[in-house]
S.K.: 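Please read through the structure below; I'll follow up with questions.
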Amino acid sequence: MQDIVDTTVDQEKIEGAMVAMREQAQEDQLELLELASNVGALQALELTRSFVAAATVQLFDKVRESKRIKDLPIRLPDGTVAMATTVDEFCRLVFGKPRTAMVEASESLQALGETAYELASRLGLNRNAMRAARALPPEKLEVVRLAISNGSTKADVLSVIEDLAEKVEESAKALEDAKADLVAKDQVLEDKNKSIDKLKAAQKRIQAASMDDQLADLKKEATALAADAEGAIVGGLRQALLALSRHGEIDSQNVFMSGLVGQVQAQLTALRGEFDLPDTSSAADQQLAAEHAAWNKTA
């Protein structure tokens, strides 16, 4: 007698196995899709990461130029939506930085160019370094741009910026010194020309004047010079002697002070001897000299 085979049980097992296989296949497919999605997202992130710093600054520039900033909804990390009333508020909510920092970033982007700016951002160059680079003249800035683009380290780039900034500062100082020297020389030349013109004018005036007028002008000029010399003695020299006399014991300063007065006296004595002049330093002598001058004038 042949055995009877129960095909119902086998069919149920087969269908159960097929369902399990389909579920496993679906799970495998979902896992594959999720993995592919993650890989794609990573690839997209790597693709856009190179330009995220520049894109951030460019977005700021667009927002700054926009007249509808108050209409822009800003989704916060907690899921809520906020509205900014000013550019500075927008920058703090979206970029986490104040408006001034974003303005400087925009200036750096314009100065360095998109590629160099991105690389500089990756290196972590701070605002001070960027500011120093922007201050460089175009030919020096190009050196910085090349240093950044050639794969230099942050320390190397900072060293290049510092060296170039120091050289620019030295050149600027040398230029300022040269300008100051030129101004001083021009001033000396101008003063010299004024003195020459004044002397020429005085000479022409004397030549055109009568003998009496010429003599009067000469006496006037001589009197002014004598007054200046007397003022230097009574004012400057006397004050210096007073200061010396108050500094320590007077006896210890006598030799030095008498030497100063002696030098002046020697020059006066030499003048008197050169022109054979009488000594009219006393009041009586001055009165006699005045009477003599008046007698000569009426003679």
Side-chain angles (χ1 to χ4, degrees), residues 135 137 162-299:
E162 291 174 0
D163 290 343
L164 292 175
E166 183 177 354
K167 290 179 181 179
V168 170
E169 184 178 357
E170 291 176 353
S171 299
K173 186 177 183 304
L175 180 60
E176 289 298 324
D177 292 343
K179 288 182 178 179
D181 291 341
L182 183 60
V183 170
K185 290 179 180 178
D186 289 342
Q187 185 63 47
V188 171
L189 182 60
E190 182 180 354
D191 294 342
K192 181 179 179 181
N193 291 335
K194 287 181 178 179
S195 298
I196 293 175
D197 293 341
K198 185 178 180 180
L199 291 174
K200 287 182 178 180
Q203 184 179 10
K204 289 181 179 180
R205 185 176 66 255
I206 293 174
Q207 291 175 351
S210 64
M211 293 298 295
D212 291 340
D213 291 338
Q214 291 180 19
L215 180 59
D217 288 340
L218 290 173
K219 286 184 177 181
K220 182 179 179 181
E221 184 176 355
T223 301
L225 293 173
D228 291 341
E230 184 179 2
I233 294 174
V234 175
L237 181 57
R238 182 174 181 275
Q239 293 302 317
L241 295 175
L242 286 173
L244 285 170
S245 67
R246 297 191 187 102
H247 190 75
E249 297 182 1
I250 184 63
D251 293 340
S252 64
Q253 309 297 337
N254 278 343
V255 176
F256 179 75
M257 294 167 61
S258 62
L260 295 178
V261 175
Q263 292 177 13
V264 177
Q265 184 64 49
Q267 294 298 326
L268 294 175
T269 302
L271 285 175
R272 186 178 293 112
E274 180 181 356
F275 298 101
D276 193 21
L277 302 174
D279 185 358
T280 59
S281 57
S282 66
D285 292 335
Q286 292 179 7
Q287 179 64 29
L288 179 61
E291 293 176 355
H292 182 71
W295 181 80
N296 286 335
K297 186 175 182 181
T298 58

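Treat the numbers as computed from the prediction; the structure is a model and nothing was measured. Each residue takes its place number in the sequence, starting with 1.
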S.K.: How long is the gap from CD on Glu221 to CG on Leu225, to the nearest 0.5 Å?
M.R.: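 One gets 5.5 Å once the value is rounded to the nearest 0.5 Å.
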S.K.: Working to the nearest 0.5 Å, report the span between CD1 of Ile233 and CG of Leu260.
M.R.: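 The CD1 atom of Ile233 sits 12.0 Å away from the CG atom of Leu260.
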S.K.: Throw together a table of side-chain donor-acceptor distances under 3.5 angstrom for residues 171-180, partners on residues two or more places apart or in other chains.
M.R.:
residue : atom : partner : partner atom : Å
Ser171  : OG   : Lys167  : O            : 3.0
Lys173  : NZ   : Asp177  : OD2          : 3.2

S.K.: How long is the span from the CG atom in Asp181 to the CG atom in Asp186, to the nearest 0.5 Å?
M.R.: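 Rounded to the nearest 0.5 Å, the CG-CG separation comes out at 10.5 Å.
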S.K.: Does atom CD of Glu230 have more than 12 heavy-atom neighbours, drawn from other residues, nucleotides or ligands, at distances under 6.0 Å?
M.R.: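 Not buried by this count: 12 neighbours or fewer within 6.0 Å.
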S.K.: Can you tell me how far apart CD (Gln187) and NZ (Lys194) are? Round to the nearest 0.5 Å.
M.R.: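 Answer for the CD-NZ pair, Gln187 versus Lys194, is 6.5 Å.
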S.K.: Is atom CZ of Arg272 surrounded by more than 12 heavy atoms (other residues, nucleotides or ligands) closer than 6.0 Å?
M.R.: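 Atom CZ in Arg272 is packed in, count exceeds 12.
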S.K.: Quick check: closest heavy atoms across Leu277 and Leu271, and the distance to 0.1 Å?
M.R.: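 Closest approach of Leu277 to Leu271, heavy atoms only: CD1-O, 4.2 Å.
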S.K.: Suppose we screen for side chain to side chain contact (heavy atoms under 4.5 Å, CB included). Which residues come up paired with Val261, at least two apart in sequence or across chains?
M.R.: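 Partners of Val261 under the side chain to side chain contact (heavy atoms under 4.5 Å, CB included) test: Leu241.
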S.K.: Which value, rounded to the nearest 0.5 Å, describes the distance between Leu242 atom CG and Met257 atom CE?
M.R.: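 Rounded to the nearest 0.5 Å, the CG-CE separation comes to 7.5 Å.
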